[in-house]
Protein chains: 2
Amino acid sequence: METVHISAKADYGMRALLELTAVYLENPKQLVKGDAISTAQGIPVKFLEGILRQLRQSGIVASQRGAEGGYRLDRSPSEVSIADVVRALDGPLAAVRGQRPEDVDYAGPSEHLKEVWVAVRAAMRDVLEHITLADVAANDLPAPVTRLLDEPGAWQRRKP
Amino acid sequence: METVHISAKADYGMRALLELTAVYLENPKQLVKGDAISTAQGIPVKFLEGILRQLRQSGIVASQRGAEGGYRLDRSPSEVSIADVVRALDGPLAAVRGQRPEDVDYAGPSEHLKEVWVAVRAAMRDVLEHITLADVAANDLPAPVTRLLDEPGAWQRRKP
DNA sequence: ATGTTTCCCATCAACTTACTAGGAAATACC
DNA sequence: GGTATTTCCTAGTAAGTTGATGGGAAACAT
């Protein structure tokens, strides 16, 4: 229903990865069990399992089965952007009626509407591709992003 | 499925409004029939009808019934932002698992994830609230927006 | 009156989302 | 070798959303 929707999958995925990030910064090889992540973040276990599998298939997470098994980051948290995570879990960042913004075509007075949607996608990329797991874990977001957060009204919802 | 999705409703709505904008610039009181918009933009008539009704209820469009009836903009196109249109048709711009970004709460290493989602919403607002129907009709987007479009790769999709 | 055009309600198929169930496969420890 | 553990994989499912369509009632011009 909403134009920008962070799905449960993307939200849970980010939270799981931030748990793994915290552990990674202590010891990059340390494995964490799915169950531990699940209880730490209150994520349904079997649902989380599927999310972590997708993240492994995208090369973000590594896993080991069996007793003493678990998950860990497969790349440094400073090399995993939020866009990477969202794309791994939810597919392409932006779509217009199910198509890529650059693929839609307009006639007459709507001729330049495409530019608008491409700009929307570019704005989204500018945020999501420049924030890494390490940035969020350290609460040290890139300057252009903190500038967005300092804008008046950024934390308030628009009227009704 | 996609994080940013411009729905058929929003896309059709924008196109309908741009048709109305073109007419408005000639004569602000001129009415346009739903059927004319429908054929000009290839939008299913009855679907469009519902969209225009929503836009009227939001005070963006005015309408008149009966022979010689139709639709027109109820405000100057330079005073209708794309955010207005999208909110009228699809509700709030951004949500995290169905909630407003400022309402979600995180524990442990995810503590600062909220800032990320709020920044995402702010970035979206910065684009959608500053582009008006008049801007799109005249192909004269605000400078910060054209700057987004000039970034290398803005028009290309990411790898796979 | 009559034709036109918007308004409003109800319905519908296809799809997506957020999960859940059950078991197979790998690994560690005894 | 056997057992317990933990991830991997496939399938299914209830609820909700999306993108429409249909049938008439209400307003308006002639």
Side-chain angles (χ1 to χ4, degrees), chain A residues 1-16 20 29-39 41-58 60-72 74 86 89-92 95-99, chain B residues 1-16 20 30-39 41-58 60-72 74 86 89-92 95-99 104:
Chain A
M1 190 174 188
E2 291 89 359
T3 301
V4 180
H5 192 251
I6 308 300
S7 67
K9 232 166 156 177
D11 186 54
Y12 289 161
M14 277 300 300
R15 287 156 64 184
L20 293 181
K29 298 294 175 196
Q30 176 76 43
L31 294 166
V32 183
K33 293 193 219 311
D35 193 60
I37 300 173
S38 163
T39 56
Q41 288 290 329
I43 304 170
V45 210
K46 294 295 278 184
F47 193 33
L48 176 65
E49 223 178 66
I51 291 168
L52 288 168
R53 183 159 40 89
Q54 266 183 279
L55 291 172
R56 179 184 52 91
Q57 286 162 350
S58 302
I60 295 172
V61 150
S63 63
Q64 197 172 33
R65 301 207 259 196
E68 305 299 295
Y71 303 91
R72 61 170 173 83
D74 201 24
V86 169
L89 296 174
D90 284 348
V96 178
R97 283 172 58 221
Q99 295 182 51
Chain B
M1 191 177 187
E2 291 90 0
T3 301
V4 181
H5 191 253
I6 308 300
S7 66
K9 232 166 157 176
D11 187 52
Y12 289 161
M14 277 301 299
R15 286 156 65 183
L20 292 181
Q30 175 77 43
L31 293 166
V32 183
K33 294 194 220 311
D35 192 58
I37 301 173
S38 163
T39 56
Q41 288 291 328
I43 305 171
V45 210
K46 295 293 279 183
F47 193 33
L48 177 65
E49 222 177 67
I51 291 168
L52 287 168
R53 184 159 39 90
Q54 266 183 280
L55 291 172
R56 180 184 52 90
Q57 287 164 350
S58 302
I60 294 172
V61 150
S63 64
Q64 198 173 32
R65 300 206 260 197
E68 305 300 294
Y71 303 90
R72 62 172 172 82
D74 201 25
V86 169
L89 295 174
D90 284 347
V96 178
R97 284 172 55 221
Q99 296 182 50
V104 297

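In what follows, chains are A, B, ... by sequence order, proteins preceding strands, each numbered from 1.
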Could you list all N or O pairs between the protein and nucleotides 22-25 of chain D that sit under 3.5 Å apart?
from	atom 1	to	atom 2	distance (Å)
D:dG23	O6	B:Lys46	NZ	2.2

- Note on the structure: Sequence neighbours excluded, the answer for salt bridge (Lys or Arg N to Asp or Glu O under 4.0 Å) partners of A:Arg65 is none
- Within less than 4.0 Å of OP1 or OP2 of D:dT6, is there a side-chain N or O belonging to A:Ser63? no
- Item | Steps toward side-chain contact (heavy atoms from CB on, under 4.5 Å) verdict (A:Ile6, A:Val86) | CA-CA 9 Å; A:Ile6 308 300; A:Val86 169; 5.7 Å; no
I'd like a table of atom pairs between the protein and nucleotides 9-14 of chain C - only N or O on both sides, under 3.5 Å - with the distance next to each one.
none

- Task: Grab the CD1-P distance between B:Ile6 and D:dG19 for me, whole Å please.
- Result: 11 Å
- Query: If you find the nucleotide of DNA chain C closest to A:Val45 and the one closest to A:Ala67, which residue's nucleotide is nearer the 5' end?
  - Reply: A:Val45
- Item | Set of side-chain hydrogen bond (donor to acceptor under 3.5 Å, both in side chains) partners for A:Tyr12, sequence neighbours left out | B:Arg97
- Note on the structure: DNA chain D nearest-nucleotide lookup for A:Tyr71 and A:Arg97: closer to the 5′ end is A:Tyr71
- Item | Partner residues of B:Ser7 under the side-chain hydrogen bond (donor to acceptor under 3.5 Å, both in side chains) criterion, sequence neighbours left out | B:Asp90
- Message: Students often get this wrong, so: under 4.0 angstrom with heavy atoms, is B:Gly34 touching a base, only sugar-phosphate, or nothing?
- Response: sugar-phosphate
- Message: Could you tell me how far apart B:Gln99 (CD) and C:dT17 (C1') are, to the nearest whole angstrom?
- Response: 16 Å
- Would you kindly give the CG-to-P distance between A:Asp90 and C:dT16, to the nearest whole Å? 12 Å
- Can you tell me the distance, in whole Å, between the CD atom of A:Gln64 and the P atom of D:dT5? 17 Å
- Message: What is the separation between atom CD1 on A:Ile51 and atom P on C:dT20, rounded to the nearest whole Å?
- Response: 12 Å
- Sorted by chain and residue number, the side-chain contact (heavy atoms from CB on, under 4.5 Å) partners of B:Gln64 (sequence neighbours excluded) come out as B:Leu31
- Please identify each residue that fulfils salt bridge (Lys or Arg N to Asp or Glu O under 4.0 Å) with B:Glu2, with sequence neighbours left out. none
- Any donor-acceptor N/O pair, A:Ser58 side chain to A:Leu55 backbone, under 3.5 Å: no
- Task: Let me know the distance between CG of B:Leu48 and P of C:dT5, rounded to the nearest Å.
- Result: 14 Å
- Item | Set of salt bridge (Lys or Arg N to Asp or Glu O under 4.0 Å) partners for A:Lys46, sequence neighbours left out | A:Glu49
- Check whether any side-chain nitrogen or oxygen of B:Arg56 sits under 4.0 Å from OP1 or OP2 of C:dC7, and answer yes or no. yes
- Starting at the 5' end of DNA chain C, which residue's closest nucleotide do you reach first, A:Gly66 or A:Pro44? A:Pro44
- Name all residues meeting the side-chain hydrogen bond (donor to acceptor under 3.5 Å, both in side chains) criterion together with B:Asp74; count only those two or more places apart in sequence or in a different chain, and write none if there are none. none
- Task: Would you kindly give the CD1-to-P distance between A:Ile37 and D:dT6, to the nearest whole Å?
- Result: 13 Å
- Criterion side-chain contact (heavy atoms from CB on, under 4.5 Å) on B:Lys33 and B:Tyr71, from CA distance to verdict: CA-CA 6 Å; B:Lys33 294 194 220 311; B:Tyr71 303 90; over 6 Å; no
- Atom CZ of A:Phe47 and atom P of C:dG22 are separated, to the nearest Å, by 19 Å
- Would you say a side-chain N or O of B:Gln57 is under 4.0 Å from OP1 or OP2 of C:dC8? yes
